[in-house]
Amino acid sequence: MLETASVLTSLHYLYLAGVIVILMVMVLRKDTPGVCILFLFLLGAAGTHSIAGGIQTVFSAMLLAAKEFMEVIATIALVTALSRCLSDLGSDYLLMRPMSRVMNRPDLTWWILGLTMFVFSLFLWPSPSVALVGAIMLPFAVRAGLNPLTAAMAMNLFGHGFGLSYDLVIQGAPAISAGAAGITTSQVLTEGRPVFLAMGIATVLAAYVLNRKQISLAAGPADFQTGSQTTGPDRPRTGSQATGQVDSRTGSQATGQNHPRTGSRPALILAIATPLAFLADIAAMLVLGLRGGDATSLVSGTAVLLMCLGSVLAFRKEALEKVTGYLTDGFLFAIRIFAPVIAIGAFFFLGGEGISTILGGKELSAILGTASTGGIMNDWAVWLAFHAPLNKYLIAAIQLAVGALTGLDGSGFSGLPLTGALARTFGTAVGASVPVLAALGQIGAVFVGGGTIVPWGLIPVAAICNVSPLELARKNLLPVLTGFLCAFIAACLLL
């Protein structure tokens, strides 16, 4: 239980200034990596008391961010390599034909895609679910006329938002909240259920209503590899058989001789093997209890093995070269998506416990000059909690704000011990429901940090759908804020 407020230093104020400036730049629709690099230098120089330390901090923070993102980069790269192979063989078309009977309208497709992501996220968590749903269902959805950006919204809000914040099946998030709050997991899930449902339902309904026209907009058949609409008969399709056509996603030329026809035996085998292999992955996850990184590695490994199988079946003597080409294209695509986000993520990792690693492995107390609760943003959250007037409704607002603040480092679970502890401390002080307060803090932390409105947390979905994470964050902002308001009202009624 928290007993004392944090003592803020000049480093805390400088970091807060950086957050405000970065958010303002985002609102103005400008790129933020340059601003992040500037504040990394300023914070490093202030924390180490030297210009050289500031320069080193820029690199160290980016290196830490790259290491943290590496698992996601590899997953996106390998799934993209499989997608390219499926497209070259024509297996993607064979996979899409049966689904076209169900996913035949953009608005219906949006709900099917989102609900599928929600169910998968409850059982597997969102990270492996993004790879599975993206590899199997996204091509059907975009071919049905669904805008790639709104498809990314559906996957993200249903998965990393609603599914991960509620976490009804795996119960990882509520277990952390409950442990810190001194209550049982079932109390968080049962007493907080109306708050979770209000947040999730309001968010997805707001996303659908606000973007209904964009969801239904289909200017032409979509190319799911590029996320763009075809504009005329002379736009080349990825994997086109026309000799000399340029692949719009990779810039490479299609030779014509190396692209098997859609009705070929290799295309049929890969079209059958792909869904069967991923269904086997799901079964293995459930039977073996694989979660998080273990589940993601299973999906990613399956994707690369399927890509190798397709290359061998279709290209035979050229298979080794094709495998190299697909892997290269996949990693180039992933790195191109992640490059700006590494700089953004580096700044926000500096606000969490990563600051001690970035600034040379020093203790937080040595860096900040005071006892720290786990990083700069956590210190601000605790300070806010201790300096606000106490009543049930202000406490509810503080819980939501604290959860959102701790989520700015891109980790939805890192702030849960803090929000759980605050729920216990202040719920007891004002006679409010501790489980409801814990649920509200969990919602704020996971919806922000789990990856719905901070661009550095949106990368998996944005990369799979090939859309800008900054644009996706902007599209998600209003629906998530609507959900926050409804969750807050529901919590106030239950307190």
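- Closest approach of Leu157 to Val480, counting heavy atoms only: CD2-CG2, 3.9 Å.
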**Item:** Derivation and outcome, side-chain contact (heavy atoms from CB on, under 4.5 Å), residues Leu115 and Val119
**Value:** CA-CA 6 Å; Leu115 289 171; Val119 172; 5.6 Å; no
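- Across all their heavy atoms, Ala74 and Phe331 have their closest contact at CA-CE2, 4.1 Å.
- Paired with Gln442 under the rule side-chain contact (heavy atoms from CB on, under 4.5 Å), one option of Val195, Leu437, Leu416 passes, and it is Leu416.
- No donor-acceptor distance shorter than 3.5 angstrom exists from the side chain of Tyr15 to the backbone of Phe39, with no hydrogens or angles considered.
- For Trp110 (side chain) and Tyr208 (main-chain N/O), no donor-acceptor pair under 3.5 Å exists by modelled atom type.
- Side-chain contact check for Phe196 versus Val188: some heavy-atom pair is nearer than 4.5 Å.
- Side-chain atoms of Thr452 come within 3.5 Å of backbone atoms of Phe447 as a donor-acceptor pair (strictly under, hydrogens ignored).
- Note: Met199 CE to Ile489 CD1 = 12.5 Å, rounded to the nearest 0.5 Å.
- When all heavy atoms of Cys492 and Tyr393 are compared, the pair lying nearest together is SG-CD2, 3.5 Å.
- The distance from atom CD of Gln56 to atom CD1 of Ile358, rounded to the nearest 0.5 Å, is 13.0 Å.
- The side-chain heavy atoms of Leu113 and Met117, taken from C-beta on, include no pair separated by under 4.5 Å.
- Taking OG1 of Thr482 as the start and CG of Leu210 as the end, the distance is 6.5 Å to the nearest 0.5 Å.
- Within 6.0 Å of the CD1 atom in Ile51, the count of heavy atoms belonging to other residues, nucleotides or ligands does not exceed 12.
- The minimum heavy-atom distance linking Ser121 with Pro126 is given by the pair OG-CA, 3.7 Å.
- Taking both residues in full, the closest heavy atoms of Val434 and Ala181 are given as CG1-CB, 3.9 Å, listed atom of the first, atom of the second, then distance.
- Counting only N and O atoms by type, the side chains of Asp281 and Thr302 include a donor and acceptor under 3.5 Å apart.
- Within the 4.5 Å cutoff, the side chain of Leu43 has no heavy atoms near those of the Thr57 side chain.
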**Request:** Kindly indicate, with the supporting measurements, whether the criterion side-chain contact (heavy atoms from CB on, under 4.5 Å) is fulfilled by Lys392 and Ile395.
**Result:** CA-CA 5 Å; Lys392 291 182 179 181; Ile395 288 300; 5.8 Å; no
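- Put simply, the side chain of Asn391 gets close to the backbone of Leu394: a donor and an acceptor are under 3.5 Å apart.
- For the pair Val130 and His160, the minimum side-chain heavy-atom distance is below 4.5 Å.
- Contacts of Phe118 classified as side-chain contact (heavy atoms from CB on, under 4.5 Å), with partners at least two apart in sequence or in another chain: Leu122, Phe158, Phe162.
- At a threshold of 4.5 Å between non-hydrogen side-chain atoms, the residues Pro148 and Asn466 do not count as touching.
- Ser433 places none of its side-chain heavy atoms less than 4.5 Å from the side chain of Leu494.
- The closest side-chain heavy-atom distance from Leu138 to Val133 is not below 4.5 Å.
- Interatomic distance, CD1 of Ile37 versus CG of Leu42, reported as 12.0 Å (0.5 Å rounding).
- To the nearest 0.5 Å, the span separating CD1 on Ile443 from CZ on Phe488 amounts to 12.5 Å.
- The closest side-chain heavy-atom distance from Leu320 to Thr324 is not below 4.5 Å.
- Atom CG of Leu149 and atom CG of Asn211 lie 7.5 Å apart (nearest 0.5 Å).
- No donor-acceptor distance shorter than 3.5 angstrom exists from the side chain of Asn156 to the backbone of Ala152, with no hydrogens or angles considered.
- Across every non-hydrogen atom of Ala198 and Ala490, the tightest pair is CB-CB, 3.9 Å.
- Sorted by first and then second residue, the side chain to side chain donor-acceptor pair (under 3.5 Å) pairs involving residues 395-405 (not counting sequence neighbours) form an empty list.
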**Asked** Stepwise, does the side-chain contact (heavy atoms from CB on, under 4.5 Å) test hold for Val446 with Tyr166?
**Response** CA-CA 9 Å; Val446 174; Tyr166 196 5; over 6 Å; no
